[in-house]
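Down below is the structure, laid out as structure tokens.
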Amino acid sequence: MEKENIAVGLDIGTTKIVAMIGKKNEYGKLEILGVGKSKSLGVARGVVNNITQTIQSIQQAVLEAENKSGYKIKNVVVGIAGQHIRSIQHSDYIIRKNSDEVIDENDLHLLTDQVNKLAMLPGEEIIHVLPQEYKIDGQSDIKEPIGMYGGRLESSFHVVVGQASSIRNVARCVQSANIELSGLTLEPLASANAVLSQEEKEAGVALIDIGGGTTDLAVFKDGIIRHTAVIPFGGNVITDDIKEGCSIIEKQAELLKVKFGSAWPGENKDNEIVSIPGLRGREPKEISLKNLSKIIHARVVEIIEHVFSEIKDYGHEDPRKKLIAGIVLTGGGAQLQHIKQLVEYITGMDTRIGYPNEHLAGNSDEEISCPLYATVVGLVMNSIENKTQSAVRLEKIFEPKIVRPPIFETKDEELINNDSQKTGPPAVTTSSKRNFFDLSGYLGKIKEFLDNAE
């Protein structure tokens with residue numbers, strides 16, 4: 001009987017930490033076995049700033065996923081983001097000893113390893129080396145060089161770089177939660193795997209993942225990754241603006257944004273009002289939905305303009321680099337009402353909301369197929385590509401399982417009364433490859449560092 005390949009992804013975000021256990025079913029789709037979610041209290045703008053709280057949040061999410069699935073998690077693929085991430089373009093080549101032999105995997109590894117040895121700025125390390133087009137003896141635009149003859153093998157690379165300390169902090173948190181780190185993936189690349197089709201990558205597409213602390217960008221053209229960027233603000237700055245602009249507490253601001261928020265102020269009438277209960281017996285506050293939308297609109301415009309500036313830096317206005325498939329929005333921020341229309345208005349590019357449901361089995365929970373879970377679904381897919389046995393059935397574990405009490409209260413209390421003339425709040429829409437990365441050497445370096453640090 002064939003051993004089942006159980007894959008696990010861990011999304012350490014700014015607002016939430018999600019652990020997801022899954023496997024491929026007989027149709028090649030992703031069957032979700034269990035999901036655990038906890039509030040993220042030790043992460044700001046994609047970077048760990050409190051090790052203890054992050055470890056506790058990871059443990060809570062992992063425990064919930066294990067209890068729901070009946071599997072014990074051994075190792076995970078983790079997403080990495082944060083304002084310290086940057087990307088560079090680099091070209092390199094090797095001269096082959098015997099040009100009479102065909103090019104094989106070893107030649108490609110040799111070329112990639114050469115790029116991995118590039119000198120970086122102090123405190124930086126290479127996360128991904130992603131090959132683009134190859135060139136053999138001057139013949140360019142070769143996508144698959146294996147099996148061809150040639151003496152000089154050359155390639156352009158998209159190199160993703162990050163702060164070594166930030167990466168090691170993430171690794172330390174995972175290891176301290178008694179889990180091994182089997183892979184590290186840039187979050188926009190994980191999200192892209194989950195929500196983009198191969199046709200979109202070929203035609204040219206920009207994926208914008210609007211998270212709580214960061215907004216991630218990945219640009220594809222001709223099926224190849226061309227540009228990545230992490231912009232250091234996301235949905236949380238919108239919440240902060242609502243909190244300040246309406247003089248309410250953060251939890252009320254977040255609920256206002258989710259239930260009644262819109263990125264397009266013209267959609268709300270002047271007489272639509274939401275009543276917010278006052279604190280400790282104070283008078284309730286009345287907030288105009290039009291003013292709420294104006295606050296949200298101003299900040300979303302700023303985020304989209306930052307992203308559009310990155311798309312222009314890639315060279316979108318060059319006819320040869322045109323992104324025919326336009327923009328795909330995903331992440332929690334993509335659920336904001338009318339954000340699709342606003343992005344189309346600012347960029348002039350076709351836009352759709354990206355759901356990870358294309359890769360999910362038909363019986364998946366509707367909640368999992370929403371944009372909020374795009375990154376973690378992509379991380380599970382990446383774990384499947386790694387072919388590691390990331391979890392085992394709990395009956396195979398003989399030591400007694402210690403059930404930790406929940407660390408955080410994640411249930412929202414009802415803080416908002418709707419006194420508007422609307423019949424109800426705007427509805428939030430939900431709907432029901434190839435592995436780029438060889439991280440064994442890099443993860444070995446992290447493991448060695450952590451072992452020496454103990």
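The structure presented is a predicted model; accordingly, all values stated were derived computationally and were not measured. These numbers come from the heavy atoms of this one structure, side chains and all, not from hydrogens, waters or symmetry mates. Numbering of residues begins at 1 and proceeds along the displayed sequence.
- With salt bridges taken as basic N to acidic carboxylate O contacts below 4.0 Å, one links E200 and R352.
- Here the side chains of I58 and I12 are in contact, with some heavy-atom distance below 4.5 Å.
- Counting heavy atoms from C-beta on, the side chains of I225 and K201 never come closer than 4.5 Å.
- Side-chain contact of E125 with Q163: a donor-acceptor pair under 3.5 Å is absent, judged by distance alone.
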Check your understanding: Would N75 and S390 satisfy side-chain hydrogen bond (donor to acceptor under 3.5 Å, both in side chains), going step by step from the backbone distance to the final call?
Key -> CA-CA 5 Å; N75 58 65; S390 298; 2.8 Å; yes
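- T185 and N382 share a side-chain donor-acceptor pair at under 3.5 Å.
- Contact check on R152 versus E154 returns a salt bridge, with a Lys/Arg side-chain nitrogen under 4.0 Å from an Asp/Glu carboxylate oxygen.
- Under the 3.5 Å distance criterion, with hydrogens and angles disregarded, a donor-acceptor pair is assigned to the side chains of T239 and K257.
- In summary, the side chains of D92 and Q114 do present a donor paired with an acceptor at a separation below 3.5 Å, with no hydrogens or angles considered.
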**Study point:** Derivation of the side-chain hydrogen bond (donor to acceptor under 3.5 Å, both in side chains) call for T215 and D209
**Key:** CA-CA 6 Å; T215 299; D209 184 342; over 6 Å; no
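- Looking only at atom types and distance, the side chain of S156 has no donor-acceptor partner in the side chain of H90 under 3.5 Å away.
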Check your understanding: Between H359 and V195, is a side chain to side chain contact (heavy atoms under 4.5 Å, CB included) present by the stated rule, with each step listed?
Key -> CA-CA 8 Å; H359 301 282; V195 304; over 6 Å; no
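- For the residue pair R393 and Y71, a side-chain donor N or O sits within less than 3.5 Å of a side-chain acceptor on the partner.
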Exercise for review: Please step through side chain to side chain contact (heavy atoms under 4.5 Å, CB included) for the pair K39 and S57, ending with a clear verdict.
Suggested key: CA-CA 7 Å; K39 196 168 170 126; S57 295; 5.9 Å; no
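- In the model, E367 has a side-chain atom that pairs as donor or acceptor with a side-chain atom of Y373 under 3.5 Å.
- Between L184 and I167 there is a side-chain heavy-atom pair separated by less than 4.5 Å.
- The nearest pair of heavy atoms linking G13 to S40 is O-OG, 2.7 Å.
- For the pair D241 and R299, the salt-bridge criterion is met [side-chain N within less than 4.0 Å of a carboxylate O].
- Note that K135 lies outside the cation-pi zone of Y93, set by a 6.0 Å cut-off to the ring centre and a 45° limit from the axis.
- Using modelled atom types, no side-chain atom of T214 and backbone atom of P232 make a donor-acceptor pair closer than 3.5 Å.
- Using a 4.5 Å heavy-atom threshold, the side chains of I231 and V307 count as touching.
- Nearest heavy-atom pair, V161 versus I127, reported as atom, atom and distance to 0.1 Å: C-CD1, 4.1 Å.
- The pair E317-K322 fails the salt-bridge criterion, with no side-chain N (NZ, NE, NH1 or NH2) lying under 4.0 Å from an Asp/Glu carboxylate O.
- Taking the side chain as every heavy atom from C-beta outward, L153 and L111 approach each other to under 4.5 Å.
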Exercise for review: Verify side chain to side chain contact (heavy atoms under 4.5 Å, CB included) between Q175 and L181, making sure each step is shown before the conclusion.
Suggested key: CA-CA 7 Å; Q175 196 180 58; L181 185 63; over 6 Å; no
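- By the 4.5 Å heavy-atom criterion applied to side chains, T330 and I353 are not counted as neighbours.
- Aromatic ring centres of F233 and H306: separated by under 6.0 Å.
- In this structure the side chain of T112 reaches within 4.5 angstrom of the side chain of F157, judged on heavy atoms.
- Side-chain polar atoms of S191 and D216 form no donor-acceptor pair below 3.5 angstrom.
- Closest non-hydrogen pair, I136 versus P145, comes out as CD1-CB, 3.8 Å.
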